[in-house]
Enquirer: 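The structure's right below; bear with me while I get my questions together.
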Amino acid sequence: MADWGPVIIATVLFVLLTPGLLFQLPPKGSVVAFANLQTSGVSIFVHTIIYFGLITIFLIAIGVHIYTG
């Protein structure tokens, strides 16, 4: 049986937290910008910290497992 939990969680979080795809934190000149696709270094850093925190919570603290086969 393969454990697909880490793969699925990491992929979904990576897609959703890609800087500038859904929203950008912090964008230039406003609080939140949607579908901006202009990424700053600060935005990449903030999204990296959020990604690391969420993946740690889901995989280590909660222990999400999805078994197949």
Side-chain angles (χ1 to χ4, degrees):
M1 289 192 311
D3 184 11
W4 285 93
V7 175
I8 292 172
I9 297 294
T11 304
V12 168
L13 286 176
F14 181 79
V15 169
L16 291 178
L17 292 175
T18 300
L21 181 65
L22 297 177
F23 63 91
Q24 182 174 339
L25 294 173
K28 300 174 186 172
S30 65
V31 179
V32 176
F34 292 94
N36 192 3
L37 296 176
Q38 295 178 354
T39 308
S40 67
V42 175
S43 180
I44 292 171
F45 180 73
V46 169
H47 281 81
T48 302
I49 298 300
I50 293 170
Y51 178 82
F52 178 75
L54 288 176
I55 202 141
T56 302
I57 290 170
F58 283 123
L59 298 184
I60 296 175
I62 297 174
V64 174
H65 298 285
I66 301 171
Y67 293 107
T68 61

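Since this is a predicted model, take the numbers as computed values, not measurements.
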Enquirer: Under a single-linkage rule joining Ile, Leu, Val, Met, Phe, Trp and Tyr whose side-chain heavy atoms are separated by less than 4.5 Å, which residues share a cluster with Ile49?
Expert: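 ILVMFWY cluster around Ile49 also holds Phe45.
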
Enquirer: To the closest 0.5 Å, what do you measure between CG (Leu16) and NE2 (His47)?
Expert: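 Going from CG on Leu16 over to NE2 on His47, the span is 10.0 Å.
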
Enquirer: Which pair of heavy atoms, one from Tyr51 and one from Phe14, lies closest together, and at what distance?
Expert: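 Answer, listing the atom of Tyr51 first, then Phe14: CE1-N, 3.5 Å.
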
Enquirer: Taking a hydrophobic cluster as the set of Ile, Leu, Val, Met, Phe, Trp and Tyr residues connected by side-chain heavy atoms closer than 4.5 Å, whether directly or through intermediates, do Ile57 and Phe52 fall within one such cluster?
Expert: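 The answer is no; the residues belong to distinct hydrophobic clusters.
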
Enquirer: Pairs of donor and acceptor atoms involving the side chains of residues 58-69, under 3.5 Å and at least two apart or interchain, shall be tabulated with distances.
Expert:
| unit_1 | atom_1 | unit_2 | atom_2 | d |
| --- | --- | --- | --- | --- |
| His65 | ND1 | Asp3 | OD2 | 2.8 |
| His65 | NE2 | Gly63 | O | 3.4 |
| Thr68 | OG1 | Trp4 | NE1 | 3.1 |

